[in-house]
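So the structure is just underneath, and the comments pick up after that.
Chain naming here is simple, since letters A, B, ... match the order of the sequence lines and numbering starts at 1 in each.
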Amino acid sequence: KAGVTQTPRYLIKTRGQQVTLSCSPISGHRSVSWYQQTPGQGLQFLFEYFSETQRNKGNFPGRFSGRQFSNSRSEMNVSTLELGDSALYLCASSNHRDRSSPLHFGNGTRLTVT
Amino acid sequence: DQQVKQNSPSLSVQEGRISILNCDYTNSMFDYFLWYKKYPAEGPTFLISISSIKDKNEDGRFTVFLNKSAKHLSLHIVPSQPGDSAVYFCAASAHRTGANNLFFGTGTRLTVIP
């Protein structure tokens, strides 16, 4: 079974631009979560989608948004990029929204904002 | 406000010996704990978890211990193998904030010396 796939792997953007990251979950997984990893803050929860609906949201500004499609694929968008948005963005999928199904992470998209 | 803390950034252990990785948390609402392992250029991989109703969970060479009164958990790897060299993240969740909203520590880099 293929793992969680994130595209692109690397991205360089300029401050003020916007960016869209893509995530394909493991086949059959309906929950997709997004995390931001930075050297200073570690991994921080952005949001979770299940059945095309945002079910949970972390403490990030409204510039960070996402969506999920009917095939469970998800996209994350960051508008008006700031230098501090430079990070590794990780997508994770799970079969259910309960503890019996741990998160399976993709390899991430490395975003650099200049 | 780091609610999950891994105070040792790195640990070196001889092959065949025990590796003990520690994690402390501050939020008493956390009721489920996980350990993830991360290799360079890959996403975190789930290792083992424990519910707050237990104080120990074993899976092969990996054992997690939970001390609720001390708000402390540890991961024991016995025997340690060179392939175990990676960054280990402790994570926690609370029923109220959602199973997939994980709070991560900043990681401990384990090096197993052959």
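Residue Arg61(B) qualifies as enclosed at atom CZ: its count of foreign heavy atoms under 6.0 Å is above 12. The environment of NE2 in His95(B) is sparse: at most 12 heavy-atom neighbours from other residues, nucleotides or ligands sit within 6.0 Å. In the displayed structure, Arg9(A) atom CZ is contacted under 6.0 Å by more than 12 heavy atoms of other residues, nucleotides or ligands. Surrounding NZ of Lys68(B) are more than 12 heavy atoms belonging to other residues, nucleotides or ligands, all under 6.0 Å away. Ile12(A) CD1: 12 or fewer foreign heavy atoms inside a 6.0 Å radius. Within a 6.0 Å sphere centred on CZ of Arg63(A), heavy atoms belonging to other residues, nucleotides or ligands number more than 12. Counting non-hydrogen atoms of neighbouring residues, nucleotides and ligands closer than 6.0 angstrom, the CG atom of Asn59(A) reaches no more than 12 such neighbours.
For the atom pair CZ (Phe103(B)) and CD (Gln44(A)), the distance works out to 9.5 Å, reported to the nearest 0.5 Å. Interatomic distance, CG of Asn101(B) versus CZ of Arg55(A), reported as 15.0 Å (0.5 Å rounding). Put simply, CG on Asn100(B) and OH on Tyr35(A) are 6.5 Å apart, with the number rounded to the nearest 0.5 Å. If you take CG on Leu43(A) and NZ on Lys38(B), they are separated by 8.0 Å, rounding to the nearest 0.5 Å. Between the OG1 atom of Thr97(B) and the CD atom of Glu48(A) there is a distance of 11.0 Å, given to the nearest 0.5 Å.
Of the residues considered (Gly105(B), Ser93(B), Ala91(B)), Ser93(B) shows the highest number of contacts with chain A, using heavy-atom pairs under 4.5 Å.
Both Tyr89(A) and Leu83(A) are members of a single hydrophobic cluster when ILVMFWY side chains are connected at heavy-atom separations under 4.5 Å. Note on Leu11(A): it clusters hydrophobically with Leu46(A), by side-chain heavy-atom contacts below 4.5 Å among ILVMFWY residues. Note: the hydrophobic cluster containing Val87(B) does not contain Leu110(B) (ILVMFWY, side chain heavy atoms under 4.5 Å, direct or indirect links). Trp34(A) and Val4(A) fall into different hydrophobic clusters, where Ile, Leu, Val, Met, Phe, Trp and Tyr side chains are chained together by heavy-atom contacts under 4.5 Å. Hydrophobic clustering (ILVMFWY, side-chain heavy atoms < 4.5 Å, transitive): Val4(B) and Phe104(B) are in distinct clusters.
Interface residue Leu90(A): only side-chain heavy atoms are found under 4.5 Å from chain B. Of the atoms belonging to Phe89(B), it is side-chain heavy atoms, and not backbone ones, that fall under 4.5 Å from chain A. Only the side chain of Gln37(A) has a heavy atom closer than 4.5 Å to any heavy atom of chain B. For chain B, no part of Arg110(A) is nearby; none of its heavy atoms comes within less than 4.5 Å.
Residue pairs satisfying the disulfide (SG to SG under 2.5 Å) criterion with at least one member in residues 74-114 of chain B, sequence neighbours excluded, are listed as follows: Cys23(B)-Cys90(B).
Nearest heavy-atom pair across Glu42(B) and Asn107(A) is CA-OD1, 3.3 Å. Annotation for Leu102(B) and Phe45(A): closest pair O-CB, 4.2 Å, computed over non-hydrogen atoms. Across every non-hydrogen atom of Pro102(A) and Leu34(B), the tightest pair is CB-CD2, 4.5 Å.
The stretch residues 46-59 of chain B places Phe46(B) near chain A, each with some heavy atom under 4.5 Å from a heavy atom of that chain.
Under a 3.5 Å cut-off, the side chain of Tyr36(B) and the backbone N or O of Leu103(A) do form a donor-acceptor pair.
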